[in-house]
Amino acid sequence: MTERIVQTIRTVPELRDAIVARRADGATVGFVPTMGALHSGHCALIERAASEHDVAVVSIFVNPTPFNQASDLEQYPRDEAADVKAAAAAGATICFTPSVEEIYPAGFSTRVQVRGPLTETLEGQERGVGHFDGMATVVAILLNAVGPDVAYFGAKDAQQALVVRRFVTDLRIPTEIVTAVTVRDRDGLALSSRNARLSAAGREQALAISAALQAAANAISDGSATSPEAASAAGVERLRAAGITPEYFAVTDPATLEPASQLSGRLLISCAATVDGVRLIDNLTVSANREAATANV
Ligand code: AMP
């Protein structure tokens, strides 16, 4: 794709002015929020936003609040120049790169909290019920700042996308939320900014995560698993064979994230595990009809 001229903007008023000016010409706006360290997964979202809208805004902001550990925040890769270049190559027209003070000025006191199974299960159970509060708060701020017609999120963070859908609905934010398929390396590893921290051996071991999700999906589609627990067991066995003990490996309803009670309809299979000192998450959606099992998101 040809590189477009990308405007880098650091403040909310400037961002609003730039978007108001484009909207005056009838432009529509697509938005991709990111924490930078852009890879092909992010770029696929940006390409989609750019192909569907006149203006494609990408935010690059490492939100300090969802990090449970200071070291995780410190280790988060940052290279703004490379990110802006990658975003431009993918078709971005505006890169919004605010400072922490721009997003959280003195006196900032608000939190967006989604409660219920959507935030209590899976990542919420492992990382605490408040884990999504920081993400929800910053995404709400960004959606208000950008005012996009459509915002794009990756299915790799399926729970995050569901939480965003929930508060966007509840707060009547007039933005459509699109969840796009997970981009993977050829060998199945879901792309993640964290993969850069894996050693060669760790990367090899991490392949067991997508393989385990696939093993559970296969057990559902070929009928060898007759219950959600049996499907999970197939996945966990695959992980154990690779020396990995998952934090969770769950078969749930893809809309509510409640544990699946039976193998019917669409199911979300999710996994989190630390490999080589790097915490990784992945998931895929399957249809529990034998012929129709799909395993690409
Ligand atoms: P992050 O920078 O990790 O906050 O991610 C920004 C957006 O990119 C989120 O909506 C993620 O779900 C999405 N994303 C991250 N990895 C992938 C991937 N491998 N495929 C598709 N989308 C992704």
Side-chain angles (χ1 to χ4, degrees), residues 33-42 44-45 62-63 65-69 72-73 75-77 114 117-136 139 153-165 179-185 187-198 202-217 231-232 235-236 238-240 242-254 257 259-260 267-286 295-297:
T34 81
M35 299 212 297
L38 300 187
H39 52 62
S40 305
H42 299 111
L45 297 178
V62 182
N63 191 28
T65 49
F67 288 86
N68 292 25
Q69 289 168 342
D72 204 18
L73 173 62
Q75 284 175 35
Y76 207 84
V114 175
L118 278 189
T119 52
E120 286 163 8
T121 56
L122 307 178
E123 291 296 289
Q125 191 162 355
E126 286 303 318
R127 309 185 87 186
V129 70
H131 170 65
F132 287 105
D133 296 356
M135 179 282 296
V139 172
F153 293 83
K156 161 141 186 317
D157 300 283
Q159 189 170 14
Q160 168 175 287
L162 287 170
V163 171
V164 170
R165 278 177 193 279
T179 309
V181 295
T182 299
V183 177
R184 299 176 181 281
D185 270 334
D187 53 16
L189 185 69
L191 297 187
S192 163
S193 310
R194 290 160 184 252
N195 293 354
R197 280 160 50 194
L198 292 167
R203 195 188 175 289
E204 195 60 31
Q205 194 184 13
L207 292 178
I209 294 177
S210 51
L213 293 168
Q214 192 63 64
S232 290
V236 171
R238 178 70 185 77
L239 287 171
R240 293 242 161 88
I244 299 172
T245 305
E247 284 178 26
Y248 61 77
F249 192 99
V251 180
T252 63
D253 181 302
L257 302 184
L267 299 165
L268 180 72
I269 311 173
S270 318
C271 172
T274 297
V275 178
D276 199 20
V278 183
R279 189 175 186 280
L280 300 172
I281 61 171
D282 196 0
N283 67 75
L284 55 82
T285 306
V286 296
N296 64 341
V297 292

Taking Q159 for the side chain and F132 for the main chain, is one N or O donor matched with an acceptor at less than 3.5 Å?
no
Answer yes or no: is there a donor N or O on one side and an acceptor on the other, between the side chain of H42 and the main chain of H39, under 3.5 Å?
yes
Look up atom CD in Q205 and atom CD1 in I244, then write down how far apart they are to the nearest 0.5 Å.
4.5 Å
Contact summary for V275 and A206, nearest pair of heavy atoms:
CG1-N, 3.9 Å
Atom OG1 in T65, atom CG in D133: separation rounded to 0.5 Å?
8.5 Å
Can you name the residues that form a side-chain hydrogen bond (donor to acceptor under 3.5 Å, both in side chains) with D253, not counting sequence neighbours?
none
Test salt bridge (Lys or Arg N to Asp or Glu O under 4.0 Å) applied to E204 - qualifying residues, sequence neighbours left out
none
Shortest non-hydrogen pair, L239 vs A208, comes out as CD2-O, 3.6 Å
Under the side-chain contact (heavy atoms from CB on, under 4.5 Å) test, residues paired with V278 that sit two or more places apart:
R194, R197, L198, L280
Distance-only, no hydrogens or angles: does the T34 side chain make a donor-acceptor pair with backbone N or O of G36 under 3.5 Å?
yes
Could you tell me which non-hydrogen atom of T245 sits nearest to which non-hydrogen atom of R240, and how far apart they are?
CG2-NH2, 4.1 Å
I'd like to know if R127 pairs up with E247 as an ion pair, taking the criterion as any Lys NZ or Arg NE/NH1/NH2 lying under 4.0 Å from an Asp or Glu carboxylate oxygen.
no
CD/Q160 to OG1/T119 distance, rounded to the nearest 0.5 angstrom?
13.0 Å
Exercise: identify the closest heavy-atom pair between A273 and P246
CB-CA, 4.1 Å
Interatomic distance, OH@Y248 vs CD1@I281, rounded to 0.5 Å, equals 5.5 Å
Distance, nearest 0.5 Å, that separates CG of L207 from CG of L189:
6.0 Å
Here the pair of heavy atoms bringing G154 nearest to T179 is C-CG2, 4.0 Å
Is there side-chain contact between F249 and I269, with at least one heavy-atom pair below 4.5 Å?
yes
Over all heavy atoms of both residues, which pair between A37 and S193 is shortest? Give the atoms and the distance, please.
O-OG, 3.4 Å
Please test R238 against L213 for side chain to side chain contact (heavy atoms under 4.5 Å, CB included), starting from the C-alpha separation and ending with a verdict.
CA-CA 9 Å; R238 178 70 185 77; L213 293 168; over 6 Å; no
Set of residues satisfying salt bridge (Lys or Arg N to Asp or Glu O under 4.0 Å) with respect to R165, sequence neighbours excluded
none
Test side chain to side chain contact (heavy atoms under 4.5 Å, CB included) applied to R279 and E126, step by step
CA-CA 12 Å; R279 189 175 186 280; E126 286 303 318; 3.8 Å; yes
When rounded to the nearest 0.5 Å, the distance separating CG of D282 from NZ of K156 is 7.0 Å
Residues that R203 engages under salt bridge (Lys or Arg N to Asp or Glu O under 4.0 Å), provided they are two or more places apart
D185, D187
Does the N283 side chain pair with the main chain of L268, one donor and one acceptor, at a distance under 3.5 Å?
no
Go through the structure and list residues passing side-chain hydrogen bond (donor to acceptor under 3.5 Å, both in side chains) with D157, not counting sequence neighbours.
none
